[in-house]
Amino acid sequence: MEFIEQYIKGVWVIKPNRFGDARGYFSEVFKKEEFQAHVGPVEFVQDNESFSSHGVLRGLHFQRGEFSQAKLVRVSRGAVLDVAVDLRGGSPTYGRHVAVELTAHEGTQLFIPRGFAHGFVVLSDEAQFQYKVDNVYAPHSEATLRFDDPELHIDWRIPQDQMLLSPKDKCGMSLKDVKPF
Ligand SMILES: Cc1cn([C@H]2C[C@H](O)[C@@H](COP(=O)(O)OP(=O)(O)O[C@H]3O[C@H](C)C(=O)[C@H](O)[C@H]3O)O2)c(=O)[nH]c1=O
């Protein structure tokens with residue numbers, strides 16, 4: 001398993017090994033000891049899965065304060081562009097983002113620490129998205145950062161007229177209105 005820290009401190013791209021043979025492949029997609037040795041003492045408490053069609057954009061979501069979630073995300077079908085925006089108070093990369101294409105074919109994962117807004121857009125016909133979080137769902141604490149806030153400079157790779165968003169995600173807040181946490 002390869003761990004590559006990104007230019008935003010604490011964000012990691014993780015590339016599990018795959019052992020192929022005539023039947024297909026086997027891969028260890030998470031191993032607590034190895035993960036914690038590289039990333040730190042993160043304890044996941046909940047596994048999530050979502051399924052979306054082409055152009056669906058989910059995000060950019062975050063849970064505030066003590067309810068903030070670290071996430072380990074991957075795609076088990078299709079391909080997405082995954083985006084994490086740094087909202088950590090005092091961070092030298094505050095407001096900057098990491099954007100990584102995650103595909104089922106490559107099995108690449110992204111670890112996003114607490115203090116980030118997270119979202120993805122589906123690049124393939126459909127995508128099954130799997131992720132671990134280290135804090136439970138707390139809807140009262142949840143907020144949405146506008147995916148198209150010009151201050152974020154995110155290139156989502158597909159035109160907005162192909163995108164499908166929830167009503168919540170269509171009316172997220174701007175970066176200037178977010179209180180760092
Ligand atoms: C996140 C979540 C949602 N739900 C319920 C609440 C709604 O009835 C339904 C759909 O929720 P929502 O529209 O918030 O789902 P997504 O748009 O996929 O939200 C996720 O999108 C981005 C990519 C994220 O990183 C977050 O994990 C999460 O906010 O699932 C739950 O019961 N538990 C949960 O942990």
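Counting starts at 1 for both ligands and their atoms, following the listed order. Model, not experiment: these values are computed from the prediction.
Within the structure, the closest approach of Tyr131 to ligand 1 falls below 4.0 Å when heavy atoms are considered. At a 4.0 Å cut-off, at least one heavy atom of Gln46 sits close enough to ligand 1 to count as contact.
Of the protein's heavy atoms, none falls inside 4.0 Å of atom 11 (O) of ligand 1. Within a 4.0 Å radius of atom 7 (C) of ligand 1, the protein has no heavy atom. The protein does not reach atom 30 (O) of ligand 1 closely, with no heavy atom under 4.0 angstrom from it. In this structure, atom 3 (C) of ligand 1 has protein heavy atoms in its sub-4.0 angstrom surroundings.
A centroid separation of 6.0 Å or more is found between the aromatic rings of His97 and Phe116. Between Phe111 and Phe35, the distance separating the two ring centers is shorter than 6.0 angstrom. Between Phe51 and Phe129, the ring centre distance reaches or exceeds 6.0 Å.
Atoms of ligand 1 lying under 4.0 Å from at least one heavy atom of Glu142, given by number and element, are 29 (O). Short contacts between ligand 1 and Phe120, defined as distances under 4.0 Å to a heavy atom of the residue, involve ligand atoms 23 (C). The distance from ligand 1 to the heavy atoms of His118 drops below 4.0 Å at these ligand atoms: 23 (C), 24 (C), 25 (O).
Here the CZ atom belonging to Phe26 is positioned 8.0 Å from the CZ atom belonging to Phe19, to the nearest 0.5 angstrom. The structure places CZ of Arg146 at 11.0 Å from CG of Leu60, a figure rounded to the nearest 0.5 Å.
The nearest heavy-atom contact from the protein to atom 33 (N) of ligand 1 is Tyr137 CD2, 3.3 Å.
Lys132 forms a cation-pi arrangement with Phe30, by the criterion of a distance under 6.0 Å to the ring centre and an angle within 45° of the ring axis.
Lys15 has no carboxylate O lying under 4.0 Å from a charged side-chain N of Glu106, or vice versa, which leaves the two without a salt bridge. Between Arg64 and Glu142 no salt bridge is recorded (no basic side-chain N to carboxylate O distance below 4.0 Å). Using a 4.0 Å cut-off between charged nitrogen and carboxylate oxygen, Asp134 and Arg114 count as a salt-bridge pair.
Polar contact with ligand 1: present for Lys71 (N/O pair, distance under 3.5 Å). Considering backbone and side-chain N/O atoms, Asp169 never comes within less than 3.5 Å of an N/O atom of ligand 1. Residue-to-ligand polar distances keep Ser50 apart from ligand 1: every N/O pair is separated by 3.5 Å or more.
Heavy-atom proximity to atom 20 (C) of ligand 1, evaluated over Arg58, His61, Lys168, is greatest for His61.
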